[in-house]
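Note sheet for the following structure.
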Amino acid sequence: MPIEPLLLDSPELAAGLRAPIGAWFAANARDLPWRGPDRTAWGVLVSEVMLQQTPVVRVLPAWTDWMTWWPTPRDLAAASTADVLRAWGRLGYPRRALRLQECGRAIAELHDGVVPCDEAALLALPGVGAYTAAAVVAFAYGGRSVVLDTNVRRVLARTVTGTALPTPSLTVAEVRSAAALVPADPAEAALWAASSMELGALVCTARAPRCEACPVAELCAWRRAGYPVDAHVGRRRTQAWAGTDRQARGRVMALLREALEPVPRSAVEDLWTDRVQLDRCLDALVADGLAEVSGAEDQPRTYRLPAAAVS
DNA sequence: AACCCGGGGGG
DNA sequence: CCCCCAGGGTT
């Protein structure tokens, strides 16, 4: 039996991937709290925002606490922003926490406290982009959408395109190709979204893929081609960390989160030697709504987390 | 399209 | 020590 070349966007390829990956998912899916029969759309949305650039293992405890304190969008809308930022903890990118609270307010005011099931309405919410909107449609409501995160992109790059990794940025052609693989039936589409993403997270990993455990290893274009190396190797420059504004901001936020009283400027200055950079970061944090300054011109300034919501 | 935005864990 | 992680917003 000769090996047939894989045809992009072909129904045969779609079915060949979907059935085995769906079956694999049924047996191997992680038991995550935002899945499960008692899940809420709000819980799914919260998990998706937290999972933007933060690994599952770190999200788990934060999500559990968060849902205990603010089980509905209205609960979060009414919360103190300082409490929200403290609950966010060290998940990183704390502006996501602000957007999530704004999102809770928008849902309360515009959608009667109910997370929308319409993708366009979701996309209009603060902090919700193309991925998160599609994910809520699929995972919260079992609807049909094109869920294309870093995991799915990698799975498709390997199985369909035959490259080790997807391109650094999402392309229009890639979205179209992924959309063509999504089954018409909403329930099957939702299963495809969940299973292809889970395969990328557990088996078809970026660093050391476990092809021996992959349900579609025999179909995989990358494997068939002999695992060619990434075309973009060496071109992916990792973001600097030491000495950056992001590190400085992170230190300030960590200090403010742990403080029970407004922090005197002297304590903030102890965090960072470059005074110009520190002031730039403090101004930016205030402008972002992540910090507040108090104290008159002739008095020592203090810094703290925002007590109330921004606007 | 390019850049900015945290933080930590695993190879 | 490098790389990656269920991205989004701004310019």
Side-chain angles (χ1 to χ4, degrees), chain A residues 25 29-30 32-35 43-63 85 88-100 102-103 122-140 145-155 164-172 175 178 190 193-202 204-210 230 232-257 277 280-281 284-285 287-291:
Chain A
F25 181 77
R30 290 168 292 182
L32 301 173
W34 46 83
R35 295 175 176 169
V44 172
L45 176 54
V46 170
S47 79
E48 292 302 338
V49 173
M50 287 184 171
L51 286 163
Q52 293 167 3
Q53 303 291 282
T54 303
V56 168
V57 287
R58 290 174 51 205
V59 164
L60 279 169
W63 182 88
L85 289 170
W88 193 260
R90 308 185 74 84
L91 291 182
Y93 297 130
R95 292 190 294 191
R96 287 184 293 162
L98 297 182
R99 297 295 89 78
L100 192 47
E102 293 169 7
C103 188
L122 286 163
L123 202 50
L125 295 171
V128 177
Y131 162 74
T132 303
V136 171
V137 167
F139 304 148
S145 62
V146 182
V147 175
L148 201 51
D149 76 322
T150 187
N151 288 307
V152 178
R153 292 189 69 214
R154 187 173 54 251
V155 168
L165 294 172
T167 56
S169 56
L170 194 60
T171 65
V172 175
V175 175
S195 59
S196 57
M197 189 178 307
E198 191 78 339
L199 186 72
L202 297 184
C204 194
T205 56
R207 203 74 66 85
R210 301 169 47 226
D230 179 24
H232 310 92
V233 62
R235 307 206 53 147
R236 298 169 185 278
R237 52 176 174 277
T238 153
Q239 292 176 319
W241 172 242
T244 60
D245 285 9
R246 294 160 72 204
Q247 185 185 29
R249 289 167 57 108
R251 283 193 190 174
V252 172
M253 289 303 295
L255 178 63
L256 299 188
R257 279 197 307 268
Q277 185 180 22
R280 179 174 71 237
C281 290
L285 288 172
D288 286 344
L290 288 166

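Keep in mind that the numbers below use all heavy atoms, side chains included, and drop hydrogens, waters and symmetry copies. Throughout, a chain's letter reflects where its sequence line sits, starting with A, and its residues are numbered from 1.
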Practice problem: Provide, to the nearest angstrom, the distance between the CG atom belonging to A:L199 and the P atom belonging to C:dA6. | Solution: 13 Å
Self-check item: OP1 or OP2 of C:dG7 under 4.0 Å from side-chain N/O of A:R99
Solution: no
Practice problem: Answer yes or no: is there a side-chain heavy-atom contact under 4.5 Å between A:V49 and A:R99? | Solution: no
Quiz item: With a non-hydrogen cut-off below 4.0 angstrom, is A:A130 in contact with a base, only sugar-phosphate, or nothing?
Solution: sugar-phosphate
Exercise. Using whole Å, report how far CG of A:D149 lies from P of C:dC5.
Key: 9 Å
Exercise. Round to the nearest Å and state the distance from A:L98 atom CG to B:dC5 atom C1'.
Key: 12 Å
Practice problem: Answer whether the closest heavy-atom distance between the side chains of A:Y131 and A:E48 falls below 4.5 Å. | Solution: yes
Quiz item: Starting at CG of A:D288 and ending at P of C:dG9, how long is that distance when rounded to a whole Å?
Solution: 14 Å
Quiz item: Hey, are the side chains of A:L100 and A:W88 touching, using non-hydrogen atoms and a 4.5 Å cut-off?
Solution: yes
Exercise. May I ask you to list the residues of residues 43-51 of chain A, by number, that have any heavy atom positioned under 4.0 Å from an atom of DNA chain C?
Key: A:E48, A:L51
Quiz item: Just by distance, do the side chain of A:R154 and the backbone of A:G200 share a donor-acceptor pair under 3.5 Å?
Solution: yes
Quiz item: When you measure from the side chain of A:R246 to the backbone N and O of A:W241, does any donor-acceptor pair fall under 3.5 Å?
Solution: no
Quiz item: Contact class for A:V128 vs. all strands (heavy atom < 4.0 Å): base, sugar-phosphate, or nothing?
Solution: sugar-phosphate
Exercise. Give one of base, sugar-phosphate or nothing for A:A206, where a contact means two heavy atoms less than 4.0 Å apart.
Key: sugar-phosphate
Quiz item: Touch check for A:W34, heavy atoms < 4.0 angstrom, all strands: base, sugar-phosphate only, or nothing?
Solution: base
Practice problem: Check A:L122 against A:V137 and note the closest heavy-atom contact, atom names and distance. | Solution: CD1-CG2, 3.7 Å
Quiz item: Can you find a pair of side-chain heavy atoms, one from A:Y93 and one from A:Q52, that are under 4.5 Å apart?
Solution: no
Exercise. Extract the stems that DNA chain B is part of, considering only consecutive pairing runs of at least three Watson-Crick or G-U wobble pairs, both distances under 3.5 Å.
Key: B:1-5 with C:7-11, B:7-11 with C:1-5
Quiz prompt | Nearest-angstrom distance from the residue atom CG of A:L122 to P of C:dG7 | solution = 17 Å
Practice problem: Determine the interatomic distance between P on B:dC5 and the same-named atom on C:dA6; round to the nearest Å. | Solution: 23 Å
Practice problem: Provide the distance between the two P atoms, one in B:dG6 and one in C:dT10, to the nearest whole Å. | Solution: 14 Å
Quiz item: Okay, side chain of A:R35, backbone of A:R30: is any donor-acceptor separation there less than 3.5 Å?
Solution: yes
Quiz item: Does any N or O in the side chain of A:R210 come within less than 3.5 Å of the main-chain N or O of A:L202, such that one atom is a donor and the other an acceptor?
Solution: yes
Quiz prompt | N or O in side chain of A:T132 less than 4.0 angstrom from C:dG8 OP1/OP2 | solution = yes
Self-check item: A:Y131 OH to C:dG7 P, straight-line distance once rounded to whole Å
Solution: 7 Å
Exercise. Measure from CZ on A:R154 to C1' on C:dC4 and round the result to the nearest Å.
Key: 9 Å
Practice problem: Go along nucleotides 6-11 of chain B 5' to 3' and tag each nucleotide: B for a protein heavy atom under 4.0 Å from its base, S when only backbone or sugar atoms are that close, - otherwise. | Solution: BBS-BS
Quiz item: Is a donor on one side and an acceptor on the other found under 3.5 Å between the side chain of A:R257 and the backbone of A:L85?
Solution: no
Quiz prompt | Atom of A:A130, atom of A:L123 and distance for their closest heavy-atom approach | solution = N-CD1, 3.5 Å
Quiz item: Looking just at side-chain N and O atoms, do A:R153 and A:T167 make a donor-acceptor pair shorter than 3.5 Å?
Solution: yes
